[in-house]
2 protein chains.
Amino acid sequence: MSAPRRSFTRDDPETRRAALIGAALDLMAEDGPQAATVRAIADAAGLSQGMIRHYFSTKEELINAAYQAHMEAQLTATRASLPADGTAMARLARIITVSLTPPVSDPRTLSLWAAFIHMIRRDPAMRATHERNYLRFRDLLESLIVAACAESGRPVSKEEARRLAIACNAVLDGLWLEGGALPEAFAPGELEQIGMTSVSAILGLTLDCEAT
Amino acid sequence: MSAPRRSFTRDDPETRRAALIGAALDLMAEDGPQAATVRAIADAAGLSQGMIRHYFSTKEELINAAYQAHMEAQLTATRASLPADGTAMARLARIITVSLTPPVSDPRTLSLWAAFIHMIRRDPAMRATHERNYLRFRDLLESLIVAACAESGRPVSKEEARRLAIACNAVLDGLWLEGGALPEAFAPGELEQIGMTSVSAILGLTLDCEAT
DNA sequence: CCGCTAATCATACGATTGTATAATTTCTCG
DNA sequence: CGAGAAATTATACAATCGTATGATTAGCGG
């Protein structure tokens with residue numbers, strides 16, 4: 001006589017995949033990549049460990065899907081937060097704020113990014129995903145920069161736009177990195193303010209910190 | 001009748017520790033933290049796996065020592081590359097170049113940093129090591145900024161110096177990160193040039209790219 | 001309402017992990 | 001030059017890893 005097998009309900013494959021992906025991301029963000037074992041992931045998703053290989057042909061495939069989902073969500077959230085109307089300057093200011101506040105900028109996101117770096121370096125598919133999303137964000141930033149500069153009567157050349165986008169992106173990345181690694185080393189709002197004035201200085205503009 | 005045990009020579013404890021640390025760093029940089037198993041580390045160091053627990057009370061202690069050694073080496077190398085004489089502006093320009101070229105800025109270093117980041121978050125000892133080294137570099141940068149600004153007749157307040165140091169450090173970190181993650185996405189010397197002009201813009205100075 | 005299919009659970013398996021311990025070799029010192 | 005201490009190797013061990021497989025149950029079509 002053995003213990004009864006626990007009951008369960010069937011669910012949509014898409015829902016199950018999303019649950020597994022979410023659990024994997026949570027574990028990697030919280031305790032690093034080595035914490036995301038098949039048992040821990042299944043447990044966190046409230047499923048048995050067999051489900052991972054039922055919905056993904058291998059654990060690595062699940063991790064790849066998780067990375068893709070994470071990057072997609074970040075970029076989509078950033079895009080959605082930008083006001084459709086208003087000045088280009090306001091939109092530029094807004095993307096700076098969004099990039100330097102949770103959920104884009106926080107220890108969890110930084111930890112997650114670090115967890116994926118090695119896979120990015122080795123796996124060509126993940127590398128392609130990374131490059132695509134990085135360039136998409138930088139292009140978005142570059143378009144905002146070009147528009148903001150034009151708005152204030154300072155048109156920039158193509159090469160200059162590229163350099164400015166790389167520079168401003170670096171400021172955001174650097175502040176994002178430092179804020180994520182040492183959250184309490186900075187006063188609330190300090191990183192956003194520094195980001196705002198630094199981008200202003202680099203572009204030769206005056207961004208309003210109050211801009212939404 | 002069994003195979004003869006392989007011969008060995010005794011060595012200085014410091015040399016052995018350095019060999020194990022170096023092997024651990026190599027493995028983590030190349031294939032990620034999960035590749036740095038006790039067997040792989042000992043193998044790469046040309047020793048048997050027992051040596052790890054003979055020289056370190058646990059594997060985690062070895063990893064901590066490796067992180068400390070890595071950070072120390074980076075900061076020391078950066079410091080050593082700065083000219084003792086010359087203008088403060090030249091020294092500032094120099095630290096930008098050093099921070100954005102190998103061996104400080106390359107995929108290996110980025111990979112290594114990523115491997116350590118989640119340990120930094122969880123382990124208080126590693127967190128302290130990180131915070132100490134990060135602030136030491138930022139203080140160095142800040143002192144150079146203050147000196148360079150004073151040199152050009154623009155004294156800065158204490159609070160302004162802190163903000164400028166954070167901003168310039170962010171530029172360097174961001175370019176370091178992007179260059180490490182996508183090395184071939186940038187032309188040779190491009191990141192250094194962008195770093196130089198960005199820092200110049202943030203500080204309101206004119207740094208010479210030719211400065212040694 | 002019943003049986004069939006597939007989703008789900010449970011468990012097993014070999015490989016690998018960090019750690020512990022025993023067996024050996026090297027070197028130092030009287 | 002020979003014995004004792006320390007360094008080093010080799011092996012064992014329990015835990016855990018990703019994967020594989022078989023048993024069971026939920027939900028749907030007849």
Side-chain angles (χ1 to χ4, degrees), chain A residues 1-25 27-28 30-67 115 118-119 122-123, chain B residues 1-24 27-28 30-67 115 118-119 122-123 126:
Chain A
M1 175 157 187
S2 62
R5 177 180 290 216
R6 82 177 181 203
S7 74
F8 61 91
T9 60
R10 302 188 176 192
D11 211 334
D12 191 47
E14 224 43 48
T15 308
R16 287 275 124 106
R17 279 198 179 86
L20 291 171
I21 285 174
L25 289 175
L27 285 164
M28 280 192 286
E30 198 57 36
D31 298 314
Q34 86 288 359
T37 68
V38 290
R39 287 163 180 82
I41 293 172
D43 237 43
L47 301 171
S48 71
Q49 68 168 301
M51 301 313 292
I52 284 180
R53 281 189 40 81
H54 188 260
Y55 283 109
F56 300 91
S57 70
T58 181
K59 181 197 170 189
E60 192 179 347
E61 190 182 300
L62 163 60
I63 301 299
N64 284 24
Y67 178 64
H118 296 98
M119 317 178 196
R122 207 171 19 241
D123 184 344
Chain B
M1 173 159 184
S2 61
R5 176 179 292 215
R6 83 177 181 204
S7 75
F8 61 91
T9 60
R10 301 188 178 192
D11 209 336
D12 191 47
E14 224 45 46
T15 308
R16 287 275 125 106
R17 279 199 179 85
L20 291 171
I21 285 174
L27 285 164
M28 281 192 286
E30 198 57 36
D31 298 314
Q34 83 287 2
T37 68
V38 290
R39 286 162 181 82
I41 293 172
D43 237 44
L47 301 171
S48 70
Q49 67 166 302
M51 301 311 293
I52 284 179
R53 283 191 36 85
H54 189 259
Y55 283 110
F56 301 91
S57 70
T58 182
K59 182 200 169 188
E60 191 178 348
E61 190 183 300
L62 163 60
I63 301 300
N64 282 23
Y67 179 63
H118 74 275
M119 314 182 198
R122 205 172 26 238
D123 185 343
M126 292 201 70

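Below, read A as the first sequence line, B as the second, and so on, with proteins coming before strands; counting in each chain starts at 1.
Rounded to an integer number of Å, the gap from I41(A) CD1 to dC9(C) C1' is 18 Å. The nearest whole Å value for the distance from the NE2 atom in H54(B) to the P atom in dA5(D) is 15 Å. Atom CG in D12(B) sits roughly 15 Å away from atom C1' in dT8(D) (whole-Å rounding). Here dT25(C) presents its P atom at 18 Å from CG of L47(B), a figure rounded to the nearest Å. What separates CG of L27(A) from P of dG18(D) is a distance of 11 Å, to the nearest Å. Taking atom CG of residue L62(A) and atom C1' of nucleotide dT19(D), one finds them 14 Å apart after rounding to whole Å. Between the CE atom of M51(A) and the P atom of dA10(C) there is a distance of 12 Å, given to the nearest Å. Going from atom CG of D11(A) over to atom P of dA6(C) covers 18 Å, rounded to whole Å.
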Atom pairs under 3.5 Å: protein N/O with N/O of nucleotides 1-4 of chain D:
none

Please write out each protein N/O paired with an N/O of nucleotides 16-20 of chain C under 3.5 Å, distance rounded to 0.1 Å.
{"unit_1": "dG18(C)", "atom_1": "OP1", "unit_2": "K59(B)", "atom_2": "NZ", "d": "2.5"}
{"unit_1": "dG18(C)", "atom_1": "OP2", "unit_2": "V38(B)", "atom_2": "N", "d": "2.9"}
{"unit_1": "dG18(C)", "atom_1": "N7", "unit_2": "R39(B)", "atom_2": "NH1", "d": "2.9"}
{"unit_1": "dG18(C)", "atom_1": "O6", "unit_2": "R39(B)", "atom_2": "NH2", "d": "2.8"}
{"unit_1": "dT19(C)", "atom_1": "OP1", "unit_2": "T58(B)", "atom_2": "OG1", "d": "2.6"}
{"unit_1": "dT19(C)", "atom_1": "OP2", "unit_2": "K59(B)", "atom_2": "N", "d": "3.1"}
{"unit_1": "dT19(C)", "atom_1": "O4", "unit_2": "Q49(B)", "atom_2": "OE1", "d": "2.9"}
{"unit_1": "dA20(C)", "atom_1": "OP2", "unit_2": "R53(B)", "atom_2": "NE", "d": "3.3"}
{"unit_1": "dA20(C)", "atom_1": "OP2", "unit_2": "R53(B)", "atom_2": "NH1", "d": "3.0"}
{"unit_1": "dA20(C)", "atom_1": "OP2", "unit_2": "R53(B)", "atom_2": "NH2", "d": "2.0"}

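The two residues A44(A) and A23(A) have their closest heavy-atom pair at CB-CB, 3.7 Å. Taking every heavy atom of both residues into account, M28(A) and A36(A) meet most closely at CG-CB, 3.6 Å. Closest approach of Q49(A) and V38(A) over heavy atoms only: OE1-CG2, 3.9 Å. The two residues F56(B) and R17(B) come nearest to each other via the heavy atoms CZ-CG, 3.8 Å. Shown here for L20(B) and M51(B), the closest heavy-atom pair between the two residues is CD1-O, 3.9 Å. R6(A) and L47(A) get closest at one heavy-atom pair: NH2-C, 3.3 Å.
Atom-to-atom distance recorded for L62(B):CG and I41(B):CD1 is 5.0 Å, nearest 0.5 angstrom.
Between Y55(B) and the phosphate of dA7(D), there is no side-chain N or O to OP1/OP2 separation shorter than 4.0 Å.
A donor-acceptor pair under 3.5 Å is formed between the side chain of T37(B) and the backbone N or O of A40(B). Side chain of R122(B) to backbone of D31(A): a donor-acceptor contact under 3.5 angstrom is found.
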Expected string for nucleotides 25-30 of chain D under the B/S/- scheme (protein heavy atoms, under 4.0 Å, primed atoms plus P, OP1, OP2 as sugar-phosphate) is BBS---
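Residues E60(B) and M119(B) fail the side-chain proximity criterion, which asks for heavy atoms closer than 4.5 Å. Contact annotation: the side chain of I21(B) never approaches that of Y55(B) to less than 4.5 Å [non-hydrogen atoms, C-beta and beyond].
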